[in-house]
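Here the structure is a predicted model, which is why all the values come from computation and not from measurement.
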Amino acid sequence: MPFSPSALLSRAPSTLRYDFAASLVVFLVALPLCIGVAVASGVPAELGLITGIVGGIVTGLMRGSSLQVSGPAAGLTVLVLEAVQAFGLAVLGVIVLAAGLLQIAMGALKWGRWFRAISLSVVEGMLAGIGLIIVVGQVYAAAGLAAPASGLDKISGLPAAAVDALGDSTALASVAVAVATIVVMVGWRRMPGAARAVPGALVAVVLAAVATALLGLPVATVRVGAVLDAVHLPGTDALSALAEPAVIGTVLAFALIASAESLFSAAAVDRLHAGPRTSYDKELVAQGVGNTLCGVLGALPMTAVIVRSSANVQAGARTKASRVLHGVWLLLFAALLPATLTYVPLPALAGVLIHAGWKLIPFRGVVTLWRAHRGEALVLAATAVAIVTVNMFEGVLIGLALSIAKAAWDASHLRVESSEDESGTVHIRLSGNVTFLRLPKVLDALESLPRDRPVELDLSGIQLDHACRTALENWAERHSTAGPDAIRLHDLPERPGAERVRAPAG
C-alpha cells in the first residue's frame with residue numbers, strides 16, 4: 001500500500017489517531033535500544049539514532065511490509081563490533097553501503113522469497129548464538145570491565161571478571177544498576193494494563209538515570225555529541241577497502257544475515273495482524289535502500305526488528321504512518337534533546353541488552369524441537385556453538401551446510417524387503433530415493449545376502465544417484481562370478497551412455 005499525505009488525511013479520523021498513538025509507543029521502545037545497540041557495537045550512540053531515523057522515515061515510506069519497523073538490531077551487534085575492531089569505523093560505513101546495494105540487487109532479482117527456504121533451525125541457532133554472545137559480553141559492560149574479543153574468551157573469562165568485580169566497589173555499583181534495570185524490565189510486564197502501555201525498557205533506563213544522579217553512583221554514562229558531527233561520508237581510502245577479501249566476506253555476512261532476519265521478522269509480524277501481507281522482494285529492496293543510506297552516513301546497519309514491530313502492532317497501528325512518525329520523533333529527539341542521553345548509565349543499557357539477548361535464545365523451543373525433531377535441534381545447537389566459537393559468518397555457513405546435509409539425508413529413504421520362495425531363491429526388493437548418504441546401508445544389505453543360494457534383486461522401485469549406481473554395478477559383477485545363477489538384477493535404472501550391467505540369468 002503506497003503512502004501519501006492525501007491518503008493519510010482522508011483516513012485521518014479513523015486511522016491517524018491509532019497510528020499516532022502507536023508511533024509514540026514504538027519511539028519509546030526504540031530509543032533505548034538504538035542507543036544500547038550502538039554502545040554495544042562499539043560505535044558512538046548517535047549512529048544508533050541515525051539508523052533508527054533512516055529505518056523509520058526512509059524504509060518506513062517504502063513498500064514491502066506495512067507494519068514492521070526497522071532500525072539497529074541487537075542481532076547484528078556482534079558482527080558490527082567485529083567489523084569495527086577489524087577494519088575501523090570508517091570502513092563500517094562502506095560495508096553497510098555495499099551490503100545495502102547487494103540487498104537491492106537481490107530484491108530486484110526477486111531472491112527475497114528464497115530466504116524463506118532457509119532452515120528455521122539455522123535462523124534460531126544464529127539468534128541463539130548472537131544472544132549468548134550479547135549476554136556474556138554485556139555482563140562485562142555491566143561491571144564496567146573490558147570484554148575479551150572472542151566468544152570463547154568471553155565465556156572462559158567470566159570467573160576472573162566476577163572476582164575482579166567483587167573486589168571493586170565501583171564495579172559492584174555498576175552491576176547493581178544493571179541488575180536493577182533487568183528486574184524492572186521483567187517485573188514491568190506484571191503491572192496493570194495502563195502502566196504497561198509505557199515500555200518497560202524506557203521505564204528501567206529512566207529510573208536508573210534518576211537513581212544514579214540522586215545517589216551519586218560512580219558509574220559511567222553515555223557520551224553523546226551532535227548527531228550531524230557523527231555523520232562520516234565514505235572516503236576514497238574506505239572505499240578501496242572493498243578490494244580486500246575479508247571486507248567482501250563481511251559485506252556478504254551483513255547482507256545475508258540482515259536480510260534473513262528482516263524477512264523472518266516480516267513473516268512473524270504478518271501472523272500478528274490481518275492487514276496486507278508482506279511482499280518479500282519489495283521489503284528486501286526497502287531494507288537495501290535503508291542500509292545504503294545508512295552506509296553513506298556512516299551509521300549502523302539496519303534490519304526489521306521484531307520487538308519494535310510487535311509493539312507497533314500491539315499498540316494498534318493501522319498503516320505504515322506509525323513507523324514513519326516514530327522516525328520523526330527520533331529525529332526531533334536527536335535534534336532537540338541529545339544532551340539528555342548523558343544522564344543514561346551505561347550499565348542500564350547493558351541490562352537492556354542482556355534482557356534482549358536472553359530473549360533471543362529459544363530455550364523452550366529447543367526442548368520442544370528436541371522432542372519432535374532431534375536432527376533440527378542438533379543443527380540449531382551446532383549453529384549457535386559455531387557462532388560462539390568461530391565467528392558470525394562462518395558459524396552461519398556451518399549451520400547452512402549442516403542443514404543441507406540433514407535435508408539430503410532425510411530425502412534419502414530406503415526400504416529393504418526380503419522373502420524366499422519354495423525353490424530357495426532369495427527375493428530382495430529395494431525401494432525409495434537413495435543417495436550416497438544411504439550407500440552404507442545399501443551395501444550392508446547386499447553384502448549380507450546368502451552366497452549359497454540364488455538371489456533375485458528387484459530395483460524397479462528405486463532412484464539412484466551416480467555413487468549408488470556404480471556401487472550396485474560393481475557388486476553385481478563381483479557376485480556374478482560365484483556361478484551362473486548366483487544373482488539376477490531386475491530393472492537397474494539405466495545410466496545415460498552406458499549399457500545395463502546384469503549378471504547372467506543362467
Side-chain angles (χ1 to χ4, degrees), residues 21-41 45 48-49 51-53 55-56 68-77 127 130-131 134-135 137-139 141-142 174-212 219 221-222 224 265 300 302-315 317 322-323 326-327 329-330 333-334 337 340-361:
S23 70
L24 291 174
V25 172
V26 178
F27 161 69
L28 295 175
V29 171
L31 181 59
L33 288 175
C34 287
I35 304 166
V37 169
V39 173
S41 301
L49 290 174
T51 300
I53 293 167
Q68 78 169 351
V69 184
S70 300
L76 288 178
T77 54
L127 295 177
I130 292 170
I134 290 174
V135 169
Q138 291 305 305
V139 167
S174 184
V175 170
V177 172
V179 171
T181 301
I182 297 172
V183 170
V184 171
M185 292 180 65
V186 173
W188 196 253
R189 293 177 298 180
R190 296 178 173 83
M191 296 294 288
R196 289 201 307 272
V198 182
L202 182 68
V203 174
V205 170
V206 170
L207 290 178
V210 171
T212 299
V219 299
T221 58
V222 174
V224 63
S265 172
L300 289 172
M302 74 166 61
T303 71
V305 187
I306 189 63
V307 174
R308 282 166 241 185
S309 303
S310 59
N312 190 38
V313 174
Q314 293 166 4
S322 60
R323 63 187 191 181
H326 121 274
W329 308 144
L330 285 173
F333 179 88
L337 300 171
T340 58
L341 296 179
T342 58
Y343 295 99
V344 176
L346 289 178
L349 295 179
V352 171
L353 288 171
I354 288 173
H355 182 262
W358 187 264
K359 290 172 68 175
L360 289 176
I361 306 173

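Contact between Gly200 and Met185 at its shortest, heavy atoms only, is O-CG, 3.9 Å. In terms of heavy atoms, Val135 sits closest to Trp358 at CG2-N, 3.5 Å. Minimum interatomic distance between Pro72 and Gly52 (heavy atoms only, all atoms of both residues): CD-N, 3.6 Å. Heavy-atom minimum distance, Pro199 versus Val29: CG-CG2, 3.4 Å. Closest non-hydrogen pair, Pro347 versus Ala142, comes out as CB-O, 3.8 Å. Ala45 and Ile35 make their closest contact through CB-CG2, 4.0 Å (heavy atoms, listed as atom of the first residue, atom of the second, distance).
No side-chain heavy atom of Asn312 sits less than 4.5 Å from a side-chain heavy atom of Val25. Within the 4.5 Å cutoff, side-chain heavy atoms of Phe333 are placed close to those of Thr340. Side-chain contact check for Phe27 versus Leu330: some heavy-atom pair is nearer than 4.5 Å. In this structure, Ser265 and Arg308 have side chains that are not in contact, with every pair of non-hydrogen atoms separated by 4.5 Å or more. Taking 4.5 Å as the limit, some side-chain heavy atom of Leu346 sits within range of a side-chain heavy atom of Val222. Put simply, the side chain of Val26 does not reach to within 4.5 Å of the side chain of Arg323, judged on heavy atoms.
One finds the OG1 atom of Thr303 at 8.5 Å from the CD atom of Gln68 (value rounded to the nearest 0.5 Å). For the atom pair Leu28 CG and Leu33 CG, the distance stands at 11.5 Å (nearest 0.5 Å). Here the straight-line distance linking atom NE2 of His355 with atom CD1 of Ile134 works out to 13.0 Å at 0.5 Å rounding. Here the CD1 atom belonging to Ile130 is positioned 11.0 Å from the CD1 atom belonging to Ile361, to the nearest 0.5 angstrom. The line from CD1 of Ile53 to NE2 of His326 is 9.0 Å long, rounded to the nearest 0.5 Å. The structure places CG of Leu31 at 6.5 Å from CG of Leu341, a figure rounded to the nearest 0.5 Å.
Under a 3.5 Å cut-off, the side chain of Thr51 and the backbone N or O of Met302 do not form any donor-acceptor pair. In terms of modelled atom types and a separation under 3.5 Å, the side chain of Ser174 and the main chain of Val219 share no donor-acceptor contact. With hydrogens and angles ignored, the 3.5 Å screen pairs a side-chain donor or acceptor of Ser309 with a backbone N or O of Val69. Side-chain atoms of Thr77 do not come within 3.5 Å of backbone N or O of Ser41 as any donor-acceptor pair.
With Val179 as reference, Val183 is the one residue of Val183, Val177, Thr181 to meet the side-chain contact (heavy atoms from CB on, under 4.5 Å) rule.
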